[in-house]
S.K.: 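Pasting a structure here, questions to come.
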Amino acid sequence: MHTELGSQIKKVLVIGLGQLGLPVAKYVKERGFETFGYDINTLKMEEAENNYGIKRIERFDDIDVFILCVSTHDPNDEYTPFVDGLFSLAQKISREAKNGSLVSIESTIPKGTSKKIFELLNHRLHVAHAPHRWYALEEDEHGVNQVRVIGGVSDCCLKIALQFYDSGNESLDSNDNITNDSHESCRRNSLEIPMHPVSEIEIAELTKIIENADRYMQIAFSEDLYLYCQANNVNFGELRDALNTKWNVNILEPRDGVGGHCLPKDTKMFLQSSKSIKSKILMAALEVDEDYRRFREMRGYRLVPSAINSHK
Ligand SMILES: NC(=O)c1ccc[n+]([C@@H]2O[C@H](COP(=O)([O-])OP(=O)(O)OC[C@H]3O[C@@H](n4cnc5c(N)ncnc54)[C@H](O)[C@@H]3O)[C@@H](O)[C@H]2O)c1
């Protein structure tokens, strides 16, 4: 496969125009690319088309870059990982896309998924994974263009993807495969998002799910402390304030428990990523969250909608 695509990228298709995909499509369009959208939900497609000028497309023949932002949870259980939708999309791309285009997976996925998608594409397209850190409640600060990790199935996949996302990245060797002229035109053809490249695509897959597992654990520890305080007649708020006066301590508020569906789903993705060894501390964190929720329920607390309580 060639690595000259970077300077020639014109048409970008964002697949999945939900909470994450719509801001991504808007950002790509603002950067000057001809931006298309595709979503199985016609309302989402209409919203993107009518309100933001994202062009509707049904066939994928002429696309240079595919950005996949579809959901990765079971439609019947939002806490359970599910990538079948992503795989059926890969089959459609495989049937219709031209050789050498870039497929960038921005959805959160289990370890090993990117290489399976590369197989489904019959090795004809470049595959990269650039997981998101986008946060709905602080879009200005933690939106589409914050620093992100990126990996490629092979070196040329990573190189093409870096040219698209971050043409100024130091890992791009200007003497390798692209001329200075095409380097300049790459810069104009870039999303200019600061990227942190990694050598194996599995590292990129793991960073996203471990980031969220880490957050899960921090919340679970605050739930654990809260339950301890309840059982031992200690004022949790006062204890937390006192603890957090130390420079390297940051005890969170337990609020309504681990909120949103992403933290539980992604923590499960991480736990399922190893057959031989499972993180004991995370298994315990899942149990603590259940205990905490049961405690809240017994006390008659109402559950707050998950997005409000998503703890980032
Ligand atoms: N929303 C966030 O804050 C956030 C942050 C980081 C990562 N993520 C990850 O991004 C991915 C998308 O999350 P989201 O919150 O935007 O989900 P969402 O449910 O809001 O949107 C997903 C969209 O994908 C569409 N879709 C599903 N299957 C499809 C298919 N086969 N073809 C075309 N369209 C399809 C759905 O109709 C929906 O509009 C998930 O993997 C999630 O874990 C989300």
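Each ligand, and each atom within it, is numbered from 1 in the order the structure gives.
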S.K.: Provide, to 0.1 Å, the distance between atom 7 (C) of ligand 1 and the closest protein heavy atom, together with that atom's residue and name.
M.R.: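 Sorting protein heavy atoms by distance from atom 7 (C) of ligand 1 puts T108 OG1, 3.6 Å first.
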
S.K.: I need the atoms of ligand 1 closer than 4.0 Å to a non-hydrogen atom of W134, numbered in the order shown.
M.R.: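 So the atoms of ligand 1 that pass are 2 (C), 3 (O), 5 (C).
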
S.K.: Could you tell me the separation between the SG atom of C229 and the CG atom of D224, rounded to the nearest 0.5 Å?
M.R.: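 Rounded to the nearest 0.5 Å, the SG-CG separation comes out at 10.5 Å.
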
S.K.: When you check the gap from the basic side-chain N to the acidic O, do R215 and E211 get nearer than 4.0 Å?
M.R.: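 Looking at R215 and E211, the cut-off is not met.
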
S.K.: Does the residue E106 have a heavy-atom contact with ligand 1, meaning some pair of atoms that are separated by less than 4.0 Å?
M.R.: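 No, E106 has no heavy atom closer than 4.0 Å to ligand 1.
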
S.K.: Students should be able to answer this: which protein heavy-atom is nearest to atom 11 (C) of ligand 1, and at what distance?
M.R.: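 Checked against all protein heavy atoms, atom 11 (C) of ligand 1 sits closest to V70 O, 3.4 Å.
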
S.K.: Going by the order shown, which atoms of ligand 1 are within less than 4.0 Å of some heavy atom of K208?
M.R.: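 Near K208, meaning under 4.0 Å from one of its heavy atoms, ligand 1 has 6 (C).
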
S.K.: Which atoms from ligand 1 have a heavy atom of G85 less than 4.0 Å away?
M.R.: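 Listed by number with element: 31 (N).
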
S.K.: Compare every heavy atom of V144 with every heavy atom of H132, then report the nearest pair and how far apart it is.
M.R.: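 Taking H132 first and V144 second, the nearest heavy atoms are CE1-CA, 4.1 Å.
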
S.K.: Who's the nearest protein heavy-atom neighbour of atom 43 (O) of ligand 1, and how far?
M.R.: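 For atom 43 (O) of ligand 1, the nearest protein heavy atom is K265 NZ, 2.8 Å.
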
S.K.: Ignoring hydrogens, just give me the one of P131, A136, C69, S107 whose non-hydrogen atom is nearest atom 12 (C) of ligand 1.
M.R.: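 Looking at heavy atoms only, C69 sits closest to atom 12 (C) of ligand 1.
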
S.K.: For atom 10 (O) of ligand 1, what's the nearest protein heavy-atom neighbour? Residue, atom name and distance, please.
M.R.: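 Minimum-distance protein heavy atom for atom 10 (O) of ligand 1 reads L20 CD2, 3.2 Å.
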
S.K.: With distance as the sole criterion, is a donor-acceptor pair present between the side chains of S114 and E205 under 3.5 Å?
M.R.: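 The criterion, which ignores hydrogens and geometry beyond distance, is satisfied for E205 and S114.
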
S.K.: Do D256 and R293 sit within salt-bridge range, that is, some charged N less than 4.0 Å from a carboxylate O?
M.R.: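 Looking at R293 together with D256, the answer is no, because their closest N to O distance does not fall below 4.0 Å.
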
S.K.: What is the minimum heavy-atom distance between L252 and F236, and which atoms define it?
M.R.: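 Closest approach of L252 to F236: O-CZ, 4.0 Å.
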
S.K.: Closest non-hydrogen protein atom to atom 1 (N) of ligand 1, residue and atom name please, with distance?
M.R.: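 Answer, as residue, atom name and distance: Q19 OE1, 2.8 Å.
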
S.K.: Quick test: of every protein heavy atom, which one is nearest to atom 41 (O) of ligand 1, and how far off is it to 0.1 Å?
M.R.: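 Residue, atom and distance for the closest contact: T72 OG1, 2.6 Å.
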
S.K.: Compute the shortest N/O to N/O distance between D266 and ligand 1 and return yes if it is under 3.5 Å, no if not.
M.R.: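 It does not: no N or O of D266 is found under 3.5 Å from an N or O of ligand 1.
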
S.K.: Relative to the heavy atoms of C262, which atoms of ligand 1 are at a distance of less than 4.0 Å?
M.R.: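 Near C262, the atoms of ligand 1 are 43 (O).
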
S.K.: Give the atoms of ligand 1, by number and element, whose distance to some non-hydrogen atom of G18 is under 4.0 Å.
M.R.: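 Reading through ligand 1 atom by atom, the close ones are 16 (O), 20 (O), 21 (O), 23 (C), 39 (O).
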
S.K.: Could a heavy atom of S71 be found less than 4.0 Å from some atom of ligand 1?
M.R.: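 Contact present.
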
S.K.: Linking I/L/V/M/F/W/Y whenever any side-chain heavy atoms sit under 4.5 Å apart, do I281 and L286 land together?
M.R.: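 Yes, one cluster joins them.
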
S.K.: With heavy-atom distances below 4.5 Å as the criterion, would you say the side chains of L68 and I93 are in contact?
M.R.: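 In contact.
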
S.K.: Quick one about E253 and S222 (side-chain donor to acceptor, distance below 3.5 Å, no hydrogens or angles considered), yes or no?
M.R.: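 The answer is no; no qualifying pair exists.
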
S.K.: Looking at atom 32 (N) of ligand 1, what's its closest protein heavy atom, distance included?
M.R.: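 Ranked first by proximity to atom 32 (N) of ligand 1 is I40 CG2, 3.7 Å.
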
S.K.: Contact between T207 and V198 at the side-chain level, heavy atoms closer than 4.5 Å - yes or no?
M.R.: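 Not in contact.
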
S.K.: Of K10, K11, K98, which meets salt bridge (Lys or Arg N to Asp or Glu O under 4.0 Å) against D64?
M.R.: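 Testing D64 for a salt bridge (Lys or Arg N to Asp or Glu O under 4.0 Å) against K10, K11, K98 leaves exactly one candidate, K98.
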
S.K.: Please write down residue, atom name and distance for the protein heavy atom closest to atom 37 (O) of ligand 1.
M.R.: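 It is D39 OD1, 2.6 Å.
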
S.K.: For atom 24 (O) of ligand 1, which candidate among A90, G16, P23 provides the closest heavy atom?
M.R.: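 Result: the heavy atom closest to atom 24 (O) of ligand 1 is in G16.
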
